[in-house]
Amino acid sequence: MLALSLASLALSIVHTAALPGFASPPAELFSPLVAQKVLKTAQASPSPAQYPQYTDRTVGDWEWFSPDTWTSGFFPSTLYAMYERTKLCSSGAGDAAQWLDLARSWATGEIPLEIKTGVGHDVGFLSYPFMDELVVNPENETAIEAVNAFATALAARFNPTVGCTRSWDSADPTDFQVIIDNMMNLEVLFASEKLTGNHTLRDIAISHADKTMANHLRSDGGTFHVVEYNSTTGAVIARHTAQGYADNSTWSRGEAWALYGFANMFKHTRKADYIQTARHIASYFLSNTPDDGVIPWDFNAPLVPPRPADSSAAMIAANGLFLLSDQEFSLLNISGSRYYTNAAIKVISDNTNLAWAPSWQSLLSNGTVNNPAHNNLTGIVYGDYFFIKAGNELVGRGISQC
Ligand SMILES: *[C@@H]1O[C@H](CO)[C@@H](O)[C@H](O)[C@H]1NC(C)=O
Ligand SMILES: *[C@@H]1O[C@H](CO)[C@@H](O)[C@H](O)[C@H]1NC(C)=O
Ligand SMILES: *[C@@H]1O[C@H](CO)[C@@H](O)[C@H](O)[C@H]1NC(C)=O
Ligand SMILES: *[C@@H]1O[C@H](CO)[C@@H](O)[C@H](O)[C@H]1NC(C)=O
Ligand SMILES: *[C@@H]1O[C@H](CO)[C@@H](O)[C@H](O)[C@H]1NC(C)=O
Ligand SMILES: *[C@@H]1O[C@H](CO)[C@@H](O)[C@H](O)[C@H]1NC(C)=O
Ligand SMILES: *[C@@H]1O[C@H](CO)[C@@H](O)[C@H](O)[C@H]1NC(C)=O
């Protein structure tokens with residue numbers, strides 16, 4: 001009895017008082033517009049199935065893509081994140097059963113891709129909704145099969161001579177391209193290892209991360225976007241960019257994927273090199289953020305003409321910082337943990353101030369999909385997804401109320 005009431009007292013303190021030592025997150029994270037807009041997009045449900053990826057630049061309406069696109073998993077996973085939010089919040093997040101129904105039906109549109117996708121290494125992103133489903137219902141056979149099929153597809157892209165999974169296919173099969181984004185897709189290998197007990201999948205993830213640490217990272221903590229290996233010799237033959245400003249620049253979204261990816265590798269393996277690398281990347285990201293806090297699409301892009309922001313890079317990095325904060329906490333580094341949580345809150349605040357877009361279909365504007373392809377200043381589905389996840393993280397930590 002006493003233990004119970006102490007526990008509920010502790011809980012009520014967490015939920016009614018701001019936690020000392022943490023910055024205030026922006027209220028937009030829990031605006032009624034979040035549930036309203038996501039629901040409206042979910043109910044738009046085009047037929048045949050299509051998925052939102054980014055918006056136009058002027059009014060912010062979604063552009064829709066076929067399921068066989070690397071971004072298709074983000075919207076269904078957003079719906080699972082809204083379902084998760086109904087468990088975290090006593091009100092204001094919408095109807096739990098409705099979110100779960102919508103999440104499941106949007107995930108179902110991806111099922112044909114378990115057999116064949118054109119997305120290469122991005123099967124990891126496609127698997128997100130199925131990994132979410134397994135949190136809700138660990139017995140769901142459809143989701144188990146999907147996670148295992150996507151992991152098998154990624155494992156089949158592993159080349160032991162190179163030590164990596166191939167990101168993009170190329171006309172010359174000996175030209176083996178690995179992009180920094182690929183760090184995010186390793187999660188599905190760990191998820192499938194857990195389901196099947198197949199440790200080869202973990203070994204592949206570790207090998208990929210070790211090679212990436214050796215060859216994508218610069219000494220300043222910045223990253224190259226693309227490293228090309230020769231698949232017969234394993235040698236690095238080129239380092240360049242596809243979506244960044246220059247071959248030796250640091251494209252901010254790549255840096256954000258790397259931050260999240262290495263913090264996640266530490267979570268799964270407890271290898272010290274990975275947390276050191278995540279700290280080094282975080283330090284680059286935070287020290288190259290300009291005074292106004294707005295994350296530019298590339299940290300080395302010229303200031304004139306003004307460089308477009310990338311609010312998606314900001315939201316991905318914020319989630320990477322939360323994950324790193326958790327890892328510091330697990331090492332009992334409480335000040336380090338607090339530091340990264342506050343850094344995440346600042347990144348979210350500064351970029352929400354810039355990019356909150358009430359009249360758009362997306363939650364945020366000021367995303368840059370691909371600046372070399374002139375696709376900048378849009379809403380982006382994964383920017384919104386990581387914005388909602390960040391809100392959930394803050395509630396889960398007792399820092400925000402809904
Ligand atoms: C299992 O998950 C899939 C989508 O991942 C969904 O379509 C289906 O309704 C779920 N089944 C059950 C029994 O929960
Ligand atoms: C484990 O996974 C690897 C990669 O998909 C596969 O080659 C191997 O056959 C699997 N092992 C077992 C015992 O299923
Ligand atoms: C990789 O190395 C092999 C053997 O030296 C060579 O034939 C091939 O052209 C190289 N491929 C690339 C893309 O450099
Ligand atoms: C990239 O290389 C160019 C040309 O060598 C150099 O001027 C520039 O400072 C380098 N940028 C970075 C970020 O290393
Ligand atoms: C943010 O988006 C608005 C509207 O598209 C644009 O006018 C502004 O220049 C953008 N700011 C940055 C820093 O990208
Ligand atoms: C705690 O975290 C901070 C921030 O990353 C780091 O600089 C410091 O080395 C960590 N301390 C320990 C004891 O690991
Ligand atoms: C942003 O994209 C537009 C075309 O959509 C392009 O004209 C412009 O140069 C881009 N901005 C910068 C600073 O690269």
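Computed over heavy atoms, backbone and side chain alike; hydrogens, waters and symmetry mates excluded.
Side chain to side chain, H240 and N248 fail the donor-acceptor criterion of an N or O pair below 3.5 Å. A donor-acceptor pair shorter than 3.5 Å cannot be found between the side chains of R166 and S231. Judged by distance alone, the side chains of Y382 and R253 do bring a donor and an acceptor atom under 3.5 Å apart. Counting only N and O atoms by type, the side chains of D210 and Y274 include a donor and acceptor under 3.5 Å apart. Of the N and O atoms on the side chains of N182 and S167, at least one donor lies less than 3.5 Å from an acceptor on the other residue. Looking only at atom types and distance, the side chain of Y340 has no donor-acceptor partner in the side chain of D326 under 3.5 Å away. There is a side-chain donor-acceptor pair under 3.5 Å between N392 and E84. A donor-acceptor contact closer than 3.5 angstrom links the side chains of N376 and N371. Looking at D172 and T174, their side chains do bring a donor and an acceptor atom within 3.5 Å of each other.
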**Asked** Do S249 and D298 pass the side-chain hydrogen bond (donor to acceptor under 3.5 Å, both in side chains) test, and can you show the C-alpha distance, the side-chain angles, and the key distance before you say yes or no?
**Response** CA-CA 7 Å; S249 72; D298 186 301; 2.7 Å; yes

**Request:** Give the C-alpha distance, both sets of side-chain angles, the deciding distance and a yes or no for side-chain hydrogen bond (donor to acceptor under 3.5 Å, both in side chains) between T250 and E255.
**Result:** CA-CA 7 Å; T250 295; E255 191 71 355; 4.8 Å; no

**Prompt:** Could you go step by step and tell me if K271 and D273 meet the salt bridge (Lys or Arg N to Asp or Glu O under 4.0 Å) rule?
**Reply:** CA-CA 6 Å; K271 267 179 75 171; D273 282 354; 5.3 Å; no

**Asked** Checking salt bridge (Lys or Arg N to Asp or Glu O under 4.0 Å) for the pair E228/R239: CA distance, chi angles, key distance, verdict?
**Response** CA-CA 6 Å; E228 277 179 46; R239 290 182 170 90; over 6 Å; no

**Message:** I'd like to know whether N148 forms a side-chain contact (heavy atoms from CB on, under 4.5 Å) with L195, so could you lay out the CA-CA distance, the side-chain angles of the two residues, the decisive distance to 0.1 Å, and finally the verdict.
**Reply:** CA-CA 8 Å; N148 290 336; L195 294 168; 3.7 Å; yes

**Request:** Determine, stepwise, if the pair N230 / D175 fulfils side-chain contact (heavy atoms from CB on, under 4.5 Å).
**Result:** CA-CA 5 Å; N230 183 312; D175 174 28; over 6 Å; no

**Request:** Would you sort out whether T165 and H208 count as a side-chain hydrogen bond (donor to acceptor under 3.5 Å, both in side chains), showing the intermediate values?
**Result:** CA-CA 6 Å; T165 56; H208 185 102; 3.1 Å; yes

**Request:** Starting from the C-alpha separation in whole Å, work towards a yes-or-no answer on side-chain hydrogen bond (donor to acceptor under 3.5 Å, both in side chains) for H225 and D181.
**Result:** CA-CA 8 Å; H225 186 192; D181 324 33; 3.2 Å; yes

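Electrostatic pairing of K389 and E393 does not count as a salt bridge here, judged by no charged N lying under 4.0 Å from a carboxylate O. Ion pairing between E328 and R279 holds under the 4.0 Å rule for side-chain N and carboxylate O. Between R104 and D132 there is no salt bridge, since no side-chain N of the basic residue sits under 4.0 Å from a carboxylate O of the acidic one.
Between the side chain of T86 and the main chain of Y83, a donor-acceptor pair closer than 3.5 Å is present. Panel note: side chain Q361, backbone W62; a donor-acceptor pair is recorded below 3.5 Å. For H121 (side chain) and V178 (main-chain N/O), no donor-acceptor pair under 3.5 Å exists by modelled atom type. At distances below 3.5 Å, not a single donor-acceptor pair connects side-chain atoms of D350 with backbone N or O atoms of V294. Counting only distance, with no hydrogens or angles, the side chain of E110 and the backbone of A146 share no donor-acceptor pair below 3.5 Å. Without hydrogens or angle criteria, S72 side chain to P67 main chain gives a donor-acceptor distance under 3.5 Å. Side chain of S349 to backbone of I345: a donor-acceptor contact under 3.5 angstrom is found. A donor-acceptor pair is defined here as one N or O able to donate and one able to accept, closer than 3.5 Å; no such pair exists between the side chain of S192 and the backbone of V147. Under a 3.5 Å cut-off, the side chain of T341 and the backbone N or O of S325 do not form any donor-acceptor pair.
Interatomic distance, S170 OG to Q177 CD, rounded to the nearest 0.5 Å: 5.0 Å. Between the CZ atom of F262 and the CD1 atom of I275 there is a distance of 13.0 Å, given to the nearest 0.5 Å. Between atom CG of residue D122 and atom CG of residue L113 there is a gap of 12.0 Å, rounded to the nearest 0.5 Å. We find the OG-CH2 distance between S365 and W360 to be 5.0 Å, quoted to the nearest 0.5 Å. Taken from OG1 in T152 to CG in N198, the straight-line distance is 8.0 Å, to the nearest 0.5 Å. Atom CH2 of W297 and atom CG of N375 lie 12.0 Å apart (nearest 0.5 Å).
Remark: of the listed residues L363, D384, T78, L363 is the sole one forming a side-chain contact (heavy atoms from CB on, under 4.5 Å) with V34. Partner of F125 under the ring pair (Phe, Tyr, Trp, His ring centres under 6.0 Å) criterion, chosen from Y51, W257, F75: W257. Evaluated for a side-chain contact (heavy atoms from CB on, under 4.5 Å) with I380, the options T368, T55, D310 yield exactly one hit, D310.
Using cut-offs of 30° and 60° on the angle between ring planes, the pair F74 and Y128 is perpendicular. Using cut-offs of 30° and 60° on the angle between ring planes, the pair H268 and F190 is parallel.
A cation-pi geometry, defined here as NZ or CZ lying under 6.0 Å from the six-membered ring centre and within 45° of its normal, holds between R338 and F22. The cationic atom of R218 (NZ for Lys, CZ for Arg) lies less than 6.0 Å from the six-membered ring centre of F224 and within 45° of the ring axis.
Remark: aromatic rings of F299 and W251 are distant, center separation not under 6.0 Å.
At most 12 heavy atoms of other shown residues, nucleotides or ligands fall within 6.0 angstrom of atom CZ in F329.
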